[in-house]
Amino acid sequence: MGFIKEFKEFAIKGNVIDLAVGVIIGGAFGKIVNSTVNDLIMPPISILIGNKGFVNLFVPLNAKVREFVAAHPNASLEEVRAVGPVFAWGNFATEVINFLILAFIIFLMVKAINTMKRKQESEPVPPVVVPPSNEEVLLSEIRDLLRSKPKL
């Protein structure tokens with residue numbers, strides 16, 4: 001039973017829940033970045049290089065693939081991969097662009113969070129005034145009474 005109790009305490013901690021939320025949001029955000037690259041950035045580049053599409057740029061690595069590409073010039077990367085090995089540099093470049101955009105946006109988010117933390121840390125914290133204890137109050141009264149008595 002100790003193992004189950006320990007796991008339950010671990011799973012209920014706030015850090016684990018925060019991590020789960022971060023993973024879910026990160027996955028959704030990755031899809032947005034992927035769509036931005038594939039649907040907004042790469043189509044204009046594809047127009048410049050031809051109708052084949054940037055992702056479908058590759059180098060055939062054997063004669064069988066070269067023959068297939070010669071017979072089917074508009075074949076997609078997946079179709080050509082089914083025939084044989086290719087050096088898919090266009091797909092790799094697309095993934096690198098996805099990563100760079102995602103890394104830049106995460107950098108901006110972390111920078112904003114750090115800026116907010118610095119502002120919060122730089123704000124002065126008002127000192128906490130602790131009221132004197134009963135003993136201190138009593139001693140202060142005794143001191144004041146002794147001062148007010150005439151000296152002998």
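The closest side-chain heavy-atom distance from R81 to N91 is below 4.5 Å. Within the 4.5 Å cutoff, the side chain of V86 has no heavy atoms near those of the V69 side chain. The closest side-chain heavy-atom distance from W89 to V59 is below 4.5 Å. By the 4.5 Å heavy-atom criterion applied to side chains, L138 and E141 are counted as neighbours.
Residues L57 and F87 are members of one and the same hydrophobic cluster, defined by side-chain heavy-atom contacts under 4.5 angstrom among Ile, Leu, Val, Met, Phe, Trp and Tyr. Under the 4.5 Å side-chain contact rule for hydrophobic residues, F92 and F99 share a cluster. With hydrophobic clusters built from ILVMFWY side chains whose heavy atoms lie under 4.5 angstrom apart, L100 does not share a cluster with F29. Both I106 and I97 are part of a single hydrophobic cluster, where members link through side-chain heavy atoms under 4.5 Å apart. There is a path of hydrophobic side-chain contacts, each under 4.5 Å, that joins L102 to V110.
With a 6.0 Å radius and a threshold of 12 heavy atoms from other residues, nucleotides or ligands, D144 has its CG atom above the threshold.
How far CD of E95 is from CG of N34: 6.5 Å, rounded to the nearest 0.5 Å. Separation of atoms CG (N134) and CG (L139) is listed at 11.0 Å; rounding is to 0.5 Å. Here the NZ atom belonging to K117 is positioned 11.0 Å from the OG1 atom belonging to T115, to the nearest 0.5 angstrom. Note that the OG1 atom of T36 and the CG atom of L40 stand 5.5 Å from one another [nearest 0.5 Å].
Here the closest heavy-atom approach between residue A75 and residue F68 is recorded as CB-CE2, 3.8 Å. Taking every heavy atom of both residues into account, N98 and V33 meet most closely at O-CG1, 3.5 Å. Pairing each heavy atom of V65 with each of P60, the nearest pair is CG1-CB, 3.5 Å.
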Problem - Test log, rule side chain to side chain contact (heavy atoms under 4.5 Å, CB included), inputs K149 and L145 - result: CA-CA 7 Å; K149 277 189 162 184; L145 283 172; 6.0 Å; no
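Using a distance-only test at 3.5 Å, with no hydrogens or angles considered, no donor-acceptor pair links the side chain of S35 to the main chain of I32.
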